[in-house]
Undergrad: 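First the structure, then my questions, so here it is.
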Amino acid sequence: MSNTVIVGTQWGDEGKGHVIDLLARQASAVVRYQGGDNAGHTVIVEGEKFVFHLVPSGILYPDKKCIVGNGVVVDPESLLGELVSLKNRGISLTNFFLSNHAHVVMPYHKKAEEIEESLRGKSRIGTTKKGIGPAYVDKMGRRGIRIADLLEKNILEEKLKFNLTFWTKFCEVNYSISSVLSQYLEYGSKLKPYITDTSLLIYELAKRGENILFEGAQGTLLDVDHGTYPYVTSSSSGAGGVCIGTGIGPGKIDRVLGVAKAYTTRVGAGPFPTESFGETGNILRERGKEYGATTGRPRRCGWFDGVILKYAVRINGLNELIITKLDVLDKLEKIRICVAYRYKNKIIYDFPADLGILTECQPIYEEMEGWRTDTSSLRIFSDLPRAARKYLQRIEEIGEISICLFSVGPQREEMISMNQIPDSLT
Ligand code: IMP
């Protein structure tokens, strides 16, 4: 029995949805702890594709509680759209719960983000334009509107008046209080059946010894504190965000599993030492279908970065690692893996804390033989070509961490145990 965190070890899009969907089988609940509908978690079951933005990736199991924790910022229109579309596809929502303390993304947040990105000009972050940053700014500024407020007309009206005055002073936003108020009260009444004190719900599940999976969105390098600031998202996407974003105490977390793609991708601006601008980048993008699940933007692609892996192991206290999309490398003659950075005349093994240094770092690669064999039909580690096994083992050595699962395709059965399912999940 264990409470397990699933966290991205790169810049997001590592395939966490696929992992959660698989591991949810052994859990009683799946909980989102940060981010908002900037996330896009893809799950493919029997050829049917589901993309979740706010709803936890465990929703396809009718008996699993799916909880959106207090640390998430929720765009009610987007959430309701997702719920309706799931309902229309025959998915039960009776086990869906939404924190009364989650903050609400408002229309002026999106407008403010648009204005800020355009003011930044060439230094723009390349956000998803979902209003995530400004919603977290309001939360920290102690003026945010929380989900519970959508159920209380007087409170919502008072907060809205203040917020509209506030944002009008900074941005050219111009909203009528009455129309925003009635729209958000309507959202509140539609969301009411799901709203609850999720921290209490999680506490009770943990007290009963139920298995809880905490589903990270984005990745370690997009974490507002530990990522490549300012080219990050506005939440604590690392494992440390779980306690803040759900109300569970640190002592109740048993395991942290990191998810990494067999190569690296990034969407939006910011440093990316192993980025490939040439043919390799194009091959990875096309074979890996590396286009944003939320925005459709082409992802920047490059080789696996072992320096980043070591950093993610450290920041998240990872117990084990899951490698996704190994099959994307199937056709390559040679595969490179970054083992250190060169900065001026120095060799660096630890991820630099200073963005200026990171920007100037050149990757130092080891070159490995490709396996040039289709791995997508293989289901056992020992059946993998020798070069593919060596590649996974080299990742383990560099990260000083064991790999428990790897995937050779997007379907449930294409996620393969390296030895066995981690003890904690059986
Ligand atoms: P925001 O989260 O929309 O504010 O965007 C901030 C940065 O995080 C941008 O570079 C986005 O591309 C990136 N980002 C946000 N969500 C995701 C995600 O789910 N996957 C990958 N990148 C993301």
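Counting starts at 1 for both ligands and their atoms, in listed order. Numbers here are sequence positions counted from 1. All values reported here derive from a predicted model rather than from experimental measurement.
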Undergrad: Taking both backbone and side-chain atoms of Asp13, is any N or O found less than 3.5 Å from an N or O belonging to ligand 1?
TA: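 N/O-N/O distance below 3.5 Å exists for this pair.
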
Undergrad: Give yes or no for whether the N/O distance cutoff of 3.5 Å, strictly under, is met between Thr233 and ligand 1.
TA: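 It does: an N or O of Thr233 is found under 3.5 Å from an N or O of ligand 1.
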
Undergrad: With the threshold set at under 4.0 angstrom, would you say Arg297 reaches ligand 1 through any of its heavy atoms?
TA: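 True for this residue.
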
Undergrad: I'd like to check which ligand 1 atoms, numbered from 1 as shown, lie under 4.0 Å from a non-hydrogen atom of Ala39.
TA: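 Every atom of ligand 1 under 4.0 Å from some heavy atom of Ala39: 19 (O).
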
Undergrad: Does a donor on one side chain and an acceptor on the other come within less than 3.5 Å for Glu46 and Gln411?
TA: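 No - no donor-acceptor pair under 3.5 Å links their side chains.
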
Undergrad: Going by the closest heavy atom to atom 18 (C) of ligand 1, which one wins out of Ile125, Val267, Asn38?
TA: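 Residue with the shortest heavy-atom distance to the ligand atom: Asn38.
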
Undergrad: For Ser92 and Thr94, which I'm curious about, is there any donor-acceptor pair between the side chains at under 3.5 Å?
TA: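 Yes, because at least one side-chain N or O of Ser92 sits under 3.5 Å from a partner of the opposite role on Thr94.
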
Undergrad: Ring of Phe50, cation from Arg89 - is the NZ or CZ under 6.0 Å from the centre and inside 45° of the axis?
TA: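 Yes, a cation-pi geometry holds between Arg89 and Phe50.
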
Undergrad: Hey, is Val232 one of the residues with a heavy atom under 4.0 angstrom from ligand 1?
TA: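 The answer is yes, since Val232 has a heavy atom less than 4.0 Å from ligand 1.
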
Undergrad: Tell me whether Ser234 reaches ligand 1 (any heavy atom closer than 4.0 angstrom to a ligand atom).
TA: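 No heavy atom of Ser234 comes that close to ligand 1.
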
Undergrad: Quick one: do Trp11 and Phe272 satisfy ring-ring contact (aromatic ring centres under 6.0 Å, His included)? Show the steps, please.
TA: CA-CA 9 Å; Trp11 278 285; Phe272 177 179; 5.2 Å; yes

Undergrad: Kindly confirm or rule out a cation-pi arrangement of Lys64 over Tyr61, judged by NZ or CZ under 6.0 Å from the six-membered ring centre and within 45° of its axis?
TA: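 Verdict for Tyr61: a cation-pi partner in Lys64.
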
Undergrad: Whether Lys159 and Asp149 form a salt bridge (side-chain N of Lys/Arg under 4.0 Å from carboxylate O of Asp/Glu) is what I want to check.
TA: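 Judged by the 4.0 Å cut-off on N to carboxylate O distance, Asp149 and Lys159 do form a salt bridge.
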
Undergrad: Look at the aromatic rings of Phe166 and Phe170 and report parallel, tilted or perpendicular, splitting at 30° and 60°.
TA: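 Answer is tilted, since the angle falls between 30° and 60°.
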
Undergrad: Short N/O distance, under 3.5 Å, between Glu113 and ligand 1?
TA: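 Not met; the criterion fails.
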
Undergrad: Heavy atoms only, cut-off 4.0 Å: how does Leu222 contact ligand 1, side chain, backbone, both, or neither?
TA: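 For Leu222, the contact with ligand 1 is made by the side chain alone.
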
Undergrad: ring-ring contact (aromatic ring centres under 6.0 Å, His included), that's the test. Do Phe96 and Tyr194 meet it? Break it down for me.
TA: CA-CA 6 Å; Phe96 176 72; Tyr194 310 109; 5.4 Å; yes

Undergrad: Would you say Ala217 touches ligand 1, if touching means a heavy atom closer than 4.0 Å?
TA: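 The answer is no, since Ala217 has no heavy atom less than 4.0 Å from ligand 1.
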
Undergrad: Could you tell me whether a side-chain N or O of Thr9 sits under 3.5 Å from a main-chain N or O of Val259, the two making a donor and an acceptor?
TA: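 Judged by distance alone, yes, a pair lies under 3.5 Å.
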
Undergrad: Mark up the atoms of ligand 1 that fall under 4.0 Å of a heavy atom belonging to Trp11, in ascending order.
TA: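 This gives 21 (C), 22 (N) as the contact atoms.
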
Undergrad: Should Gln218 be listed as contacting ligand 1, given a heavy-atom distance under 4.0 Å as the test?
TA: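 Yes; Gln218 lies near enough to ligand 1 that a heavy-atom distance drops under 4.0 Å.
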
Undergrad: What is the closest protein heavy atom to atom 3 (O) of ligand 1, and at what distance does it sit?
TA: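 Ranking protein heavy atoms by distance from atom 3 (O) of ligand 1, first comes Thr128 OG1, 2.5 Å.
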
Undergrad: Please could you name the atoms of ligand 1 that Gly126 approaches to less than 4.0 Å, counting only its heavy atoms?
TA: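 Every atom of ligand 1 under 4.0 Å from some heavy atom of Gly126: 9 (C), 10 (O), 11 (C), 12 (O).
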
Undergrad: With a 4.5 Å limit on heavy-atom distance, are the side chains of Leu332 and Ile283 in contact?
TA: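 Yes, close enough: below the 4.5 Å cut-off.
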
Undergrad: My understanding is that we take every heavy atom of each candidate and find the minimum distance to atom 4 (O) of ligand 1. Doing that for Asp37, Val73, Val224, Thr127, which one comes out nearest?
TA: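 Residue with the shortest heavy-atom distance to the ligand atom: Thr127.
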
